[in-house]
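Keep in mind it's a predicted model, so treat the numbers as computed, not measured. Just so we're on the same page: letters track the sequence lines, and every chain starts at 1.
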2 protein chains.
Amino acid sequence: MSASRRQSPDTKAEIQAVALELFIEQGFTATSLQQIADRIGVTKAALYYHFPSKADLARSIFLPWKDDLDAFLDEAEAHPERSPRELIGDAFDVLVRHRGAFTAMMVDGSIIRHVDLIAWTGEWATRLQGLFVGPNPSIYQQTRVAIAFGGLNDAVFLLAQLPEEEVRPAAIDAVCGALGIETGELDN
Amino acid sequence: MSASRRQSPDTKAEIQAVALELFIEQGFTATSLQQIADRIGVTKAALYYHFPSKADLARSIFLPWKDDLDAFLDEAEAHPERSPRELIGDAFDVLVRHRGAFTAMMVDGSIIRHVDLIAWTGEWATRLQGLFVGPNPSIYQQTRVAIAFGGLNDAVFLLAQLPEEEVRPAAIDAVCGALGIETGELDN
DNA sequence: GTCTATAATCAGATAGAC
DNA sequence: GTCTATCTGATTATAGAC
């Protein structure tokens with residue numbers, strides 16, 4: 001038997017899971033380490049054994065999302081022959097896979113600063129835009145891309161309780177429509 | 001001369017303006033009354049003369065937006081003959097008029113709880129949905145509406161620095177496309 | 001690996017002088 | 001209408017025992 005009182009197989013993962021729960025319920029800023037510790041049944045000090053700070057704990061939750069999204073963008077840029085509908089479907093899937101982290105960001109966007117996400121988000125927006133309208137898009141194109149993918153975010157967030165297999169094709173239709181891809185409107 | 005040391009014509013309005021500034025920069029939760037007072041050049045206690053609590057201060061900033069949006073929905077429901085493009089344009093204008101409050105909500109969504117906005121937002125979503133797909137929408141319709149108006153929100157937020165007269169018509173096109181209004185796709 | 005105990009700071013809010 | 005001064009409680013983080 002070890003010297004510790006709890007025999008959790010992976011306290012670190014449990015901390016991350018409970019922290020994410022609370023970040024979604026209350027937002028990052030409004031969630032204290034005390035609340036996280038209480039819900040698990042350990043003390044606050046135990047959290048500091050696993051993570052050097054609250055920001056580092058949050059970062060560890062967001063990193064898998066960043067890695068997944070970067071991989072999607074790398075692959076999409078390497079295969080320009082893929083259809084818009086395929087790309088949109090993949091973007092939807094990435095979002096759904098990391099719905100937890102993503103929802104926490106929607107609930108309290110100020111988490112972005114604590115996790116240095118702020119540097120990434122700008123890059124993501126640019127690369128995503130590049131996939132659909134190329135570099136130097138017009139204001140008309142920028143607006144349509146912003147609505148298309150901003151809307152995709154909101155749908156994944158708002159419609160979390162609806163069946164994914166029904167939402168997914170509807171979302172792809174809507175994003176295509178917002179972009180105006182199939183009507184040629186995007187060439188403005 | 002009055003007994004007060006500052007001769008601001010309307011300290012109450014100044015408090016609201018500075019508070020909104022900081023809510024946009026840092027989010028509601030991360031902004032302290034001390035910071036608001038410091039930026040104006042008064043003490044924290046002075047704030048409590050004008051507002052009974054931090055939540056009430058926030059509420060006073062959001063109420064004009066609520067009133068404006070309610071008025072828009074009332075009018076839209078009373079005039080079912082108005083075209084979708086007109087309605088979308090009006091919705092865009094309401095958002096732009098209250099871009100400050102709206103941006104604060106995007107930066108830190110947890111403000112919704114403190115302002116009792118949470119009861120309103122559900123009602124707004126339902127009424128807005130009703131304008132375009134009627135009651136009892138299918139999942140397909142719900143998804144397209146969520147993307148259309150979620151995207152509209154994001155565009156107003158993300159493209160704040162772009163000229164409104166160019167963004168506006170592009171936004172209307174994109175929302176129409178996301179809804180699938182002009183292609184008849186919404187009848188699913 | 002988790003604990004107790006505590007430091008240092010900052011939060012929202014209030015009482016009462018002027 | 002604004003101030004000084006203070007209360008109360010919560011916060012992040014650390015030191016050191018086990």
Problem set entry | salt bridge (charged side-chain N to carboxylate O under 4.0 Å, His left out) contacts in which one or both residues fall within residues 94-105 of chain B, not counting sequence neighbours | B:Asp68-B:Arg97
Exercise. Just how large is the angle between the end axes of the helix from C:dG1-D:dC18 to C:dC18-D:dG1, five pairs per end, to 10 degrees?
Worked result: 10°
For this session: Sort and list the pairs that fulfil salt bridge (charged side-chain N to carboxylate O under 4.0 Å, His left out) and have at least one residue in residues 159-168 of chain B, not counting sequence neighbours.
Result: B:Asp93-B:Arg168
For this session: Under 4.0 Å from any atom of DNA chain C, heavy atoms only: list the residues of residues 22-37 of chain B that qualify, in numerical order.
Result: B:Thr31, B:Ser32, B:Leu33
Seminar exercise, completed: Closest of C:dA13, C:dC3, D:dC3 to the A:Val42 side chain is C:dC3
Exercise. Phosphate oxygens OP1/OP2 of D:dT2: is one of them under 4.0 Å from a side-chain N or O of B:Thr43?
Worked result: no
Problem set entry | Which residues share a side-chain hydrogen bond (donor to acceptor under 3.5 Å, both in side chains) with B:Ser60, sequence neighbours left out | B:Gln16
For this session: State which residues pass salt bridge (Lys or Arg N to Asp or Glu O under 4.0 Å) with A:Arg113; sequence neighbours excluded, sorted by chain then number.
Result: none
Seminar exercise, completed: In this structure, CZ of B:Phe157 is separated from OG1 of B:Thr103 (nearest 0.5 Å) by 6.0 Å
Seminar exercise, completed: Taken to the nearest whole Å, CG/A:Asp38 to P/D:dA10 is 11 Å
Seminar exercise, completed: Contacts of B:Pro84 meeting side-chain contact (heavy atoms from CB on, under 4.5 Å) (sequence neighbours excluded), chain-then-number -> B:Phe132, B:Ile181
Exercise. Do any pairs count as a ring-ring contact (aromatic ring centres under 6.0 Å, His included) and have a residue in residues 18-50 of chain A, sequence neighbours left out, and if so which ones?
Worked result: A:Phe23-A:Phe28, A:Phe28-A:His114
Seminar exercise, completed: Residue pairs meeting ring-ring contact (aromatic ring centres under 6.0 Å, His included), one or both in residues 71-95 of chain A, sequence neighbours left out, come to none
For this session: Mark yes or no for whether B:Asp108, through its side chain, and A:Asp108, through its backbone, hold a donor-acceptor pair below 3.5 Å.
Result: no
Exercise. Tell me: NZ of B:Lys44 to P of C:dG16, nearest whole Å?
Worked result: 18 Å
For this session: Whole angstrom is fine here: how far is it from OH in B:Tyr48 over to C1' in D:dC3?
Result: 16 Å
Problem set entry | All salt bridge (Lys or Arg N to Asp or Glu O under 4.0 Å) counterparts of A:Asp67, not counting sequence neighbours | none
Seminar exercise, completed: In numerical order, the residues of residues 49-57 of chain A whose heavy atoms come under 4.0 Å of DNA chain D are A:Ser53, A:Lys54
Exercise. So which pairs with a foot in residues 143-154 of chain B pass side-chain hydrogen bond (donor to acceptor under 3.5 Å, both in side chains), sequence neighbours left out?
Worked result: B:Tyr140-B:Arg144, B:Arg144-B:Glu185
Problem set entry | Whole-Å distance separating the NE2 atom of A:His114 from the P atom of D:dT12 | 11 Å
